[in-house]
A.B. asks: 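I am attaching a structure below and will ask some questions about it afterwards.
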Amino acid sequence: MKCPNCNNINKKYLYKYQEFIADDYDLRCTSLQYQKPNLIKCIECNLIFSELLNIKFEKLYGDVIDEQYIKSIEFKKRYFQNTFKKILKHVNKASEVLEIGSYYGVFGSIIRPEVNKYKGIELSSHAVEFAKKNYSLDVESKSIDQHLDDIEKLDVIIMSHVIEHLDRPFEDLRKIRDKMNDKSIFIFSTYNMDSFIAKLLGKHYHWIMPMHKFYFTKSFLQNFMENNGLELVETITDTHTTSVMYFLTKIKTILPFLNFILGPLTNINFLNKIYFKINLGDLDLYVVRKK
Ligand SMILES: [Zn+2]
């Protein structure tokens, strides 16, 4: 398969599962779709990507309705509050923030009171309506392309767990760069395929799923930025907050043979109200400036 970064033709798989047969992709953020896509690692530039690379998901994202996410908004809030603390030093009362992939507006609702301007763009129109209604946020159903064509410059750009979903992440990164100036700051997060947990779990790594097209490492991203007029200022480890319920449901999906133990537990409602922070050291926030 042709590498979308360096065009090298790759013949070997990094992880090969059974052939992908699903023609219905579950693109919800909380997706539990178990079937994993075969992954390829480019021998030239080390990019890891999915064989579903050329299927255009962006249109499908427009129709996403994620009730499971809405149910778990309380713990998403805690997660984003924690993330916001980590990036606080890069924003201030004068900041004009663009959040790419603002989803149901949870992060936006935390950022909005702390900055001058907040704008969110998001493909799912259900999520956009929710964010407008519940958080009165300035959000629009637009692609990165559509939005960047309309604006002059970018100040603070935030993109949380989005880059791995994009159809053309490298083009998008360059377009974002073109609208940045010396003062702009671009913060995005993704999982790290070089992390201990990703290596330990190998092909069973929980972030390998159909809707994730790209699987980055810190060294790949650092390289990419250096070659594309961007500079990595710092990386910050992000901490995941989850509910006991979500965690058990996820494990049940990954390890179905544990169903007889976990099944009854996942019917206990109050488990949805217990949260815990889990730091597997595989989620990173990248803080980037223009060179
Ligand atoms: Zn490559």
Side-chain angles (χ1 to χ4, degrees), residues 1-20 25 27 35-61 100-101 143-145 148 157 159-180 186-235 238 281-291:
M1 260 193 100
K2 190 169 161 184
C3 170
N5 178 47
C6 73
N7 294 330
N8 183 60
I9 306 289
N10 293 279
K11 295 199 176 84
K12 267 197 186 161
Y13 286 108
L14 172 67
Y15 299 137
K16 179 98 166 75
Y17 308 87
Q18 65 201 69
E19 278 314 313
F20 207 93
Y25 301 105
L27 301 176
Q35 170 91 57
K36 290 178 186 290
N38 297 327
L39 297 191
I40 297 115
K41 182 172 182 177
C42 177
I43 51 164
E44 196 64 39
C45 73
N46 290 325
L47 175 67
I48 301 170
F49 57 96
S50 148
E51 63 174 352
L52 304 178
L53 187 73
N54 296 319
I55 298 174
K56 297 276 177 260
F57 285 161
E58 279 179 14
K59 281 200 189 85
L60 300 172
Y61 282 120
I100 298 172
S143 71
I144 298 178
D145 264 350
L148 291 187
I157 310 104
M159 202 163 87
S160 172
H161 299 283
V162 167
I163 189 167
E164 59 269 19
H165 297 250
L166 296 173
D167 285 340
R168 297 168 307 272
F170 308 115
E171 285 84 344
D172 289 334
L173 288 178
R174 284 188 278 263
K175 277 182 191 160
I176 291 168
R177 174 204 62 198
D178 290 343
K179 300 278 171 165
M180 289 170 72
F186 175 29
I187 302 165
F188 68 92
S189 60
T190 191
Y191 44 78
N192 177 7
M193 292 302 276
D194 263 347
S195 62
F196 175 73
I197 188 79
K199 296 227 151 131
L200 180 76
L201 295 178
K203 67 192 294 190
H204 306 291
Y205 186 42
H206 45 280
W207 293 118
I208 303 174
M209 52 175 82
M211 62 188 195
H212 290 163
K213 292 185 167 186
F214 296 92
Y215 298 81
F216 296 104
T217 61
K218 222 177 257 189
S219 60
F220 175 86
L221 285 169
Q222 188 147 24
N223 244 323
F224 176 84
M225 283 169 212
E226 260 169 41
N227 294 325
N228 285 278
L230 293 164
E231 185 193 358
L232 183 59
V233 179
E234 61 169 336
T235 58
D238 205 2
D282 62 335
L283 296 180
D284 288 300
L285 288 154
Y286 291 81
V287 181
V288 177
R289 283 193 185 282
K290 193 168 177 168
K291 253 204 287 211

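Small disclaimer: the values here were computed from a predicted structure and weren't measured. For ligands, and for the atoms within them, numbers begin at 1 and follow the listed sequence.
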A.B. asks: Which pairs pass salt bridge (charged side-chain N to carboxylate O under 4.0 Å, His left out) with one or both residues in residues 4-15, sequence neighbours excluded?
C.D. replies: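 As it turns out, there is no salt bridge (charged side-chain N to carboxylate O under 4.0 Å, His left out) pair with a partner in residues 4-15 once direct neighbours are skipped.
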A.B. asks: Do Phe188 and Phe186 make the cut of ring centroids closer than 6.0 angstrom?
C.D. replies: yes
A.B. asks: With sequence neighbours left out, what residues match Arg174 under salt bridge (Lys or Arg N to Asp or Glu O under 4.0 Å)?
C.D. replies: none
A.B. asks: For the atom pair CG (Leu285) and OG (Ser160), what is the distance rounded to the nearest 0.5 Å?
C.D. replies: 7.5 Å
A.B. asks: Do any pairs count as a salt bridge (charged side-chain N to carboxylate O under 4.0 Å, His left out) and have a residue in residues 196-206, sequence neighbours left out, and if so which ones?
C.D. replies: Asp194-Lys199
A.B. asks: Tell me, which protein N/O/S atoms are under 2.8 Å away from the Zn ion (ligand 1)?
C.D. replies: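 Within the sphere that stays under 2.8 Å of the Zn ion (ligand 1), the protein atoms of type N, O or S are Cys3 SG, Cys6 SG, Cys42 SG, Cys45 SG.
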A.B. asks: Do Leu52 and Lys213 have side chains that get closer than 4.5 Å, going by heavy atoms?
C.D. replies: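 A side-chain contact is absent here, since even the closest heavy-atom pair is not under 4.5 Å.
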